[in-house]
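Heavy atoms only: backbone and side chains are in, while hydrogens, waters and symmetry mates are out. The first residue of the sequence shown is numbered 1, and numbering continues consecutively from there. Read the numbers this way: they start at 1 and go in the same order the structure lists the ligands and their atoms.
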Amino acid sequence: MTEMPRPEHRDSLYRHHVATLSDKTERLLARAGYDRLLLHSGRSHPRFQDDYHAPFRAHPHFVAWLPLPLNADCLLEIQPGSRPKLWLVVPDDFWHAPPEAPASWWADHYDVEIVADADAWQPALEAPTATALIGDPADFGTLGRHADLNPPELLGRLDEMRTVKTEWQIECMREANRIAMRGHQAAAEAFASGASELEIHLAYLKAAGHEPNTLPYNSIVGLNEHCAILHYQYREVSPPRRSRSFLIDAGADCHGYAADITRTYSADEGVFGDLIREMDALQQRLAGRMQAGRSYVDLHREAHRGVAEILRQSGICDMEIDAMLEAEVTSTFLPHGLGHFLGVQVHDVAGQRAPDGSPLPPPSEYPMLRLTRELESGNVVTVEPGLYFIPSLLAELKEKPISGRMDWRAIEQLVPYGGIRIEDDVVVRPETPDNLTRRG
Ligand code: GLY
Ligand code: MN
Ligand code: MN
């Protein structure tokens, strides 16, 4: 498990984090009419017809309190007026290593009871008090009858609570960004030396000191045309005959919090390299606008305008900017959203809801946009505009009436480079946003 530097700083941030969550949760429970909240960390299940388990990761509502993303079957009880109580499961088992012993910097804020298995805390479910329980119904069966399991209204408010981060959460993401950037540096060097996708992936992990199982998401490591596959999931063992381009979308974890970073590189100084520089300038402009009060939908529209300008300036499309946007040409080249909330979950919760819980669906022309809110200070968002040459989307564009306005020869020369995405993690502030990825 990663440690942040400067333990005194860590201890006071975490103390403040727990105090903030306790305070907010008490108010939510009072409003919803509950006396206590139980958060389950989740259970590890074997694969179907197998005795092997998928890598375990604790439920996000539990990890939002406790830096224990790998601890299965624990239960946290929050009761207004008392210290939170943690049943920490440490199995009595010689097949596996036990989880790390509680560290005082976090454990001092809880009444910790170490137990061998979940049977030890099951009687606590039966206390005759109004209880909300957050967990997977499959893990509780009839035991869940003693509590309200995942009441939607409370769940929505708990999600909302996670949209404005405490300083502890922000520092965890800053550290996750530092770790990930060490990996990105090594990955760029491996690409420059002609490495395969698998070799680059391994160079990333080694430099970041990270296991693949605890990454916040499966790294995307693509060379050449693979840069155009938005969630490319494989890694070729051998290098291609010629590496033209490289896109890596890879993160890191610190105490359960994610970094989510993308970089794109060109092996030559041609048009693709120019496009990367222009996309980087656009991305930085947009990252500088992650300010409280701005609509993320408007920022997404600005990203499309920026892509339209790049398409026009590079001669790929000769239409006027407004006409290009009207005809939705940019959606061929940027088919995903500008970004999303980031936190315990890579695609963190409540991105398409107003603070009062009412739905905020994305505009019909941008259905993939995950974040549709007005930004608030303390939100953490990704800023990840892209410009891709995706054969299936280009084929659709070719059929449209505006096809004649495109320079298809130029596009054909760019298809072998795949595409570009540049992604940073940014804390929204009233004036100058705090870019966690570029500030070390
Ligand atoms: N790494 C997934 C994403 O950027 O949303
Ligand atoms: Mn990403
Ligand atoms: Mn992302």
Side-chain angles (χ1 to χ4, degrees), residues 57 60 162-163 165 169 172-174 176-184 187-188 197 200-201 204-205 208 210 212-222 226-235 245-254 256-265 276 279-280 282-284 286-287 290 296-297 299-300 303 307 333-352 362 366-373 375 379-388 390 418-428 433 435-438:
R57 186 171 169 88
R162 286 167 42 199
T163 61
K165 269 56 181 182
Q169 293 170 310
C172 287
M173 284 185 262
R174 195 186 306 281
N177 268 264
R178 282 196 199 108
I179 297 166
M181 285 312 285
R182 290 202 289 270
H184 275 271
E197 291 170 350
I200 297 172
H201 173 61
Y204 180 95
L205 293 172
H210 221 304
N213 279 351
T214 54
L215 286 173
Y217 57 94
N218 194 19
S219 299
I220 298 164
V221 181
H226 293 160
C227 302
I229 303 171
L230 300 183
H231 285 172
Y232 175 60
Q233 70 275 45
Y234 303 120
R235 282 137 213 152
S245 55
F246 168 44
L247 184 151
I248 175 164
D249 183 343
D253 175 283
C254 176
Y257 287 86
D260 178 10
I261 301 171
T262 309
R263 293 290 181 264
T264 310
Y265 304 90
I276 293 177
M279 285 301 290
D280 189 61
L282 170 63
Q283 193 268 358
Q284 284 295 281
L286 291 163
M290 296 296 139
Y296 199 84
V297 175
L299 292 162
H300 175 82
V307 168
F333 298 90
L334 171 51
H336 59 69
L338 175 60
H340 47 85
F341 276 155
L342 183 72
V344 165
Q345 284 162 265
V346 177
H347 297 152
D348 217 17
V349 284
Q352 295 184 343
Y366 300 125
M368 304 313 290
L369 185 58
R370 294 176 199 271
L371 177 52
T372 51
R373 296 169 63 118
L375 296 177
N379 291 159
V380 177
V381 299
T382 68
V383 182
E384 48 181 308
L387 197 173
Y388 310 89
I390 301 172
I420 300 164
R421 178 164 68 258
I422 297 168
E423 176 176 27
D424 290 347
D425 304 339
V426 179
V427 186
V428 175
N435 188 325
L436 299 175
T437 313
R438 302 218 185 196

Practice problem: Starting from the Mn ion (ligand 3), look over the N/O/S atoms of Glu384 and name the nearest one. | Solution: OE2
Quiz prompt | Beyond-backbone contact of Met181 with Arg263, side-chain heavy atoms, under 4.5 angstrom | solution = yes
Quiz item: So which protein heavy atom does atom 2 (C) of ligand 1 come closest to, and at what separation?
Solution: Asp249 OD2, 3.8 Å
Exercise. Taking the side chain as every heavy atom from C-beta outward, state whether Tyr217 and Asp249 have any pair of such atoms under 4.5 Å apart.
Key: yes
Exercise. Provide the closest heavy-atom pair for Asp260 versus Asp425 in the form atom of the first, atom of the second, distance.
Key: O-OD1, 2.7 Å
Quiz item: What is the OD1(Asp260)-the Mn ion (ligand 2)-OD2(Asp249) angle, to the nearest 10 degrees?
Solution: 150°
Quiz item: Taking all non-hydrogen atoms of both residues, which atom of Arg421 and which atom of Tyr388 are closest, and how far apart?
Solution: NH1-OH, 2.7 Å
Quiz item: Any N/O/S of His347 under 2.8 Å from the Mn ion (ligand 3)?
Solution: no
Exercise. Answer yes if the side chains of Tyr234 and His226 hold a donor-acceptor pair under 3.5 Å, and no otherwise.
Key: no
Self-check item: Protein residue, atom and distance nearest to atom 3 (C) of ligand 1, heavy-atom basis
Solution: Asp260 OD2, 3.4 Å
Quiz item: Considering only heavy atoms of His340, which atoms of ligand 1 have at least one such atom less than 4.0 Å away?
Solution: 3 (C), 4 (O), 5 (O)
Quiz prompt | Closest protein heavy atom to atom 5 (O) of ligand 1, given as residue, atom name and distance to 0.1 Å | solution = His347 NE2, 2.7 Å
Exercise. For His336 and ligand 1, answer yes if some heavy atom of the residue is under 4.0 Å from a ligand atom, otherwise no.
Key: no
Quiz prompt | Heteroatom proximity flag, Glu423 to ligand 1, N/O under 3.5 Å | solution = yes
Quiz prompt | Short N-O contact, Arg373 and Asp348, less than 4.0 angstrom | solution = no
Quiz item: In Glu423, the N, O or S atom nearest to the Mn ion (ligand 2) is which?
Solution: OE1
Quiz item: Do any nitrogen or oxygen atoms of Arg421 lie less than 3.5 angstrom from nitrogen or oxygen atoms of ligand 1?
Solution: no
Self-check item: Shortest non-hydrogen contact between Asp253 and Ile179, atoms and distance
Solution: O-CD1, 4.0 Å
Quiz item: Judged by modelled atom types alone, do Gln233 and Asn218 share a side-chain donor-acceptor pair under 3.5 Å?
Solution: no
